[in-house]
Amino acid sequence: MARYVRIPGSIALITLANPPVNALSAAVRRGITETLSRAIADPEVKAVVLCGENGNFCGGADIKEFAGPMSGPGLVPMIDAIEAGEKPVVAAIEGVALGGGLELALGCHYRIAHCKARVGLPEVTLGLLPAAGGTQRLPRLIGLSAALDLITTGRHVSAQEALQLGIVDRLTEGDTLGVAVEFAQSIAGQPLGSRRLSTRTPACPADLDSFLQGALVQVRRRARGAMAPEACVRAVGAAATLPYSQGMQREQELMASLFRSAQARALQYCFFSQRLVGRWSTPSGARWDSAEPRPIRRAAVIGLGTMGRGIAVSLLQAGIAVVAVETDEQQLEAGRRAVTALLERRAQGRGSEGPLRFTTDLQQLRQVELVIEAVFEDLAVKKQVFRQLSAVCPADTLLCTNTSGLDVEQLAACTRSPELVVGTHFFGPAHVMKLLEVVYGPRSSPVAVATAMHLGKRLGKVSVAVGNCPGFVGNRMLKPYLEQAHFLLEEGAAPEQVDQALEEFGFAMGVFRVADLSGLDVGWRVRKEAGLTGPGVAPGESPRRRQGRRYSPLPDLLCEQGRLGQKTGRGWYLYEGPGAREARPDPWTHSFLQQYRQQHGLQPRAVPQQEVLERCLYALINEGFRVLEDGIATGPEDIDIIYVFGYGWPRHRGGPMFHAGAVGLATVLDRLEHYHHAHPDIPNLQPSALLRRLVASGNPPIQKWREVIRRVRSQL
Ligand SMILES: CCCCCCCC/C=C\C=C\CC(=O)SCCNC(=O)CCNC(=O)[C@H](O)C(C)(C)COP(=O)(O)OP(=O)(O)OC[C@H]1O[C@@H](n2cnc3c(N)ncnc32)[C@H](O)[C@@H]1OP(=O)(O)O
């Protein structure tokens, strides 16, 4: 909808009214078209002001409409009509002007923004391009280079930057609408020719061809198989090389190639899933809309290793006071130096941080409302810390453990108030990575979950509430994926071949590069504790079998050779030296694998790329279905958001569960059956009951999986 009023001073005021963000639904487009005609036809009206209600100008096209047939007036003719009109139209921008919202404002003759407003063309993040003239008007307003940056990254720009770039004409700290109305009165009757952006010539770099070529190379490197960034470069290129009308035609053609693409569907699914996971619930009935989070003003971080330092920085940047605790003065000093350096590096342009105190004295925790324990990943050590915390902290302090997979309930059992214990699984570096798994144990109270979820949001994270099991959601699913990668090496593949297949799929780094980066000793320690390698293994057990199933000792053997990854200068790959980052295929690894296969009588074979992808990804996806069956994740969206934000799953493929649906569940089932038949000693390849049930239910769309999941769970 759009409301129309004529206000004193011969100004027509058109207000977009479609809460919460005034998205340009068919009804809003109709409303704008009709009210604009009214303003143009009314001889009393000298100028028009366009604004949005509830403090937001416009969040862009209504993304929900993209899934169905589009109806109602088109955005392009509507914006063209505003620009071509003989009466000046002033956009009064509060809140956001994004996507079609900014394109609408670019069709207006002037733009006045509130100093807290944000503008941008984020279509690329939805697998699209700004196809209501954005790729043609913005370069004509701010030049090709700046427009290309905004359009290919989709980043939001502050009002101050928008003013500097020339996107908006004026900023106000006060009443945006009042300023816009006054401004409209002041320019009524002035010629509009130069204010029509479509008539301008864009400012272009001197060597246009090589500039555009360079931009294509850059987005291809950054986007790893995503189509939209490349289409954006081509559309912006058309603004530089073609007259406006032909540029618009090119924009429409490129949009048509993206609009119904699988990538656009995947990215739009991610957009809505990211919001859906905020509406969490737990099997015990706790819910986002009934559990009240506690306010957190003071927190403590126990342990200032890499994770603890990042967590402390995250809390401080959210304005929370932090007490940082280490066991001795030496560790404390190292932690203090590291945290200070991180804060200094991130300080430019940031707001003020909360106060920070360092101590070795746990008694200093009497005032804090929340503690995040981030000590060494060892259950016995963590239990000891939780006993101490429970003794010194007030009984109502929320106690969180930063663990990547240990049993949260065992830690809760060490405290006086087990209902106030939750897991907060941060991803490293904790002040950078966007994901937070909030792990509720069987006794975690609704308020504890709500507080941790709310804290995540305050820290700028995407928080996902998950149940308690070894590895939670993310690391539990990672295990079968890693296992398959190791089995593929045994069968004849090389690490770089497996990595290449995964990187071509869209992962920023393949599994072996990631292992080298994180350090191979991390998994080695976990396997030792689980009795899979080291002294805990029963004498006489075959090296390639553990607990009745196939096992690959390859990563253990590498660790035994001191090859721990980048930190030792060698792992699956070879590096220039310890700490170096550029991975080179290592002849040592190849001959080591050859010897290993000979020693175990394994006949190497050429492993096709398709098999690499299917075995690694479908094993991971299969575990995802089990996670859903077990109620550890509430819906497929939780898993997908965890993988997109925490594990480098390519966003344009929507996450593992979305990918399964896109490939076709029947195909995934069929391939898993095939591989399980070929490898009956790998239980992870046995298709899950839920996958079978979904296929039997006719491969419903992912939005309908929850119903099937509920039925399967109730029968288990
Ligand atoms: C064959 C070829 C045919 C071609 C025809 C097509 C022609 C199309 C022409 C032009 C196309 C233009 C494309 C666009 O404009 S795409 C949209 C671009 N806009 C965006 O990407 C902005 C998306 N929104 C946001 O970034 C945020 O929501 C923000 C506006 C910053 C507000 O953030 P916040 O305050 O944190 O609130 P939420 O994110 O939780 O959002 C609140 C609810 O509003 C829903 N929402 C937000 N934006 C939209 C939107 N554009 N469309 C629909 N719904 C939107 C959001 O989902 C939340 O609701 P819920 O929690 O129920 O999911």
Side-chain angles (χ1 to χ4, degrees), residues 16 18-29 32 52-80 93-107 116-138 150-151 153-159 228 231-232 235 248-261 264-265 267-280 288-289 434 454 456-458 460-463 635 637 641 651 703:
L16 313 189
N18 183 18
V21 299
N22 301 320
L24 294 162
S25 63
V28 173
R29 298 197 303 274
I32 298 174
E53 73 170 13
N54 284 339
N56 263 326
F57 181 72
C58 176
D62 187 340
I63 307 165
K64 289 191 190 91
E65 283 185 353
F66 293 168
M70 298 290 281
S71 64
L75 267 182
V76 172
M78 185 187 90
I79 295 171
D80 282 351
I93 302 174
E94 288 183 325
V96 293
L98 296 172
L102 179 57
E103 291 177 294
L104 176 61
L106 293 176
K116 293 209 169 124
R118 280 179 295 149
V119 306
L121 293 173
E123 284 87 341
V124 69
T125 64
L126 299 168
L128 303 174
L129 55 78
T135 66
Q136 304 305 298
R137 284 197 178 90
L138 192 62
L150 258 63
I151 292 172
T153 61
R155 71 188 176 89
H156 295 191
V157 166
S158 69
C232 286
M248 282 300 288
Q249 212 174 325
R250 187 80 184 108
E251 182 189 270
Q252 297 306 303
E253 286 162 10
L254 288 161
M255 176 65 149
S257 70
L258 300 175
F259 194 64
R260 302 261 173 233
S261 68
R265 272 203 304 275
L267 287 159
Q268 288 159 33
Y269 162 82
C270 283
F271 174 83
F272 288 113
S273 298
Q274 188 180 338
R275 280 139 188 95
L276 185 68
V277 299
R279 298 196 283 273
W280 57 273
W288 66 283
D289 51 357
K434 289 281 281 179
H454 188 254
K457 197 168 179 184
R458 260 182 88 187
K461 313 273 179 217
V462 180
S463 314
E637 297 85 356
I641 289 303
R651 199 179 165 103
Q703 292 77 7

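Counting starts at 1 for both ligands and their atoms, in listed order. Everything numeric in this text was worked out from a predicted model, so none of it was measured. Hydrogens, waters and symmetry mates play no part in the numbers below; they use all other heavy atoms, side chains included.
Separation of atoms CG (Asn54) and CG (Asn18) is listed at 10.5 Å; rounding is to 0.5 Å. From Asn22, atom CG reaches atom CG of Leu104 across 10.5 Å, with rounding to the nearest 0.5 Å. Taken to the nearest 0.5 Å, the CD1 atom of Ile93 stands 11.5 Å off from the CG atom of Asn56. One distance of note links CZ of Arg137 with CE of Met248; it measures 6.0 Å at 0.5 Å rounding. Going from atom OH of Tyr269 over to atom CD of Glu637 covers 4.5 Å, rounded to the nearest 0.5 Å.
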Without placing hydrogens or testing angles, list every side-chain donor-acceptor pair under 3.5 Å for residues 123-132, not counting sequence neighbours.
| from | atom 1 | to | atom 2 | distance (Å) |
| --- | --- | --- | --- | --- |
| Glu123 | OE2 | Gly100 | N | 3.4 |
| Thr125 | OG1 | Pro122 | O | 2.5 |

Report all N/O contacts between ligand 1 and the protein shorter than 3.5 Å as a table of atom names and distances to 0.1 Å; if there are none, say 'none'.
| from | atom 1 | to | atom 2 | distance (Å) |
| --- | --- | --- | --- | --- |
| ligand 1 | 15 (O) | Ala61 | N | 2.8 |
| ligand 1 | 15 (O) | Gly100 | N | 2.8 |
| ligand 1 | 19 (N) | Gly59 | O | 2.9 |
| ligand 1 | 39 (O) | Arg275 | NE | 2.6 |
| ligand 1 | 39 (O) | Arg275 | NH2 | 3.1 |
| ligand 1 | 51 (N) | Gly59 | O | 3.2 |
| ligand 1 | 51 (N) | Ala61 | O | 2.8 |
| ligand 1 | 52 (N) | Ala61 | O | 3.4 |
| ligand 1 | 52 (N) | Ile63 | N | 2.9 |
| ligand 1 | 61 (O) | Arg279 | NH1 | 2.9 |

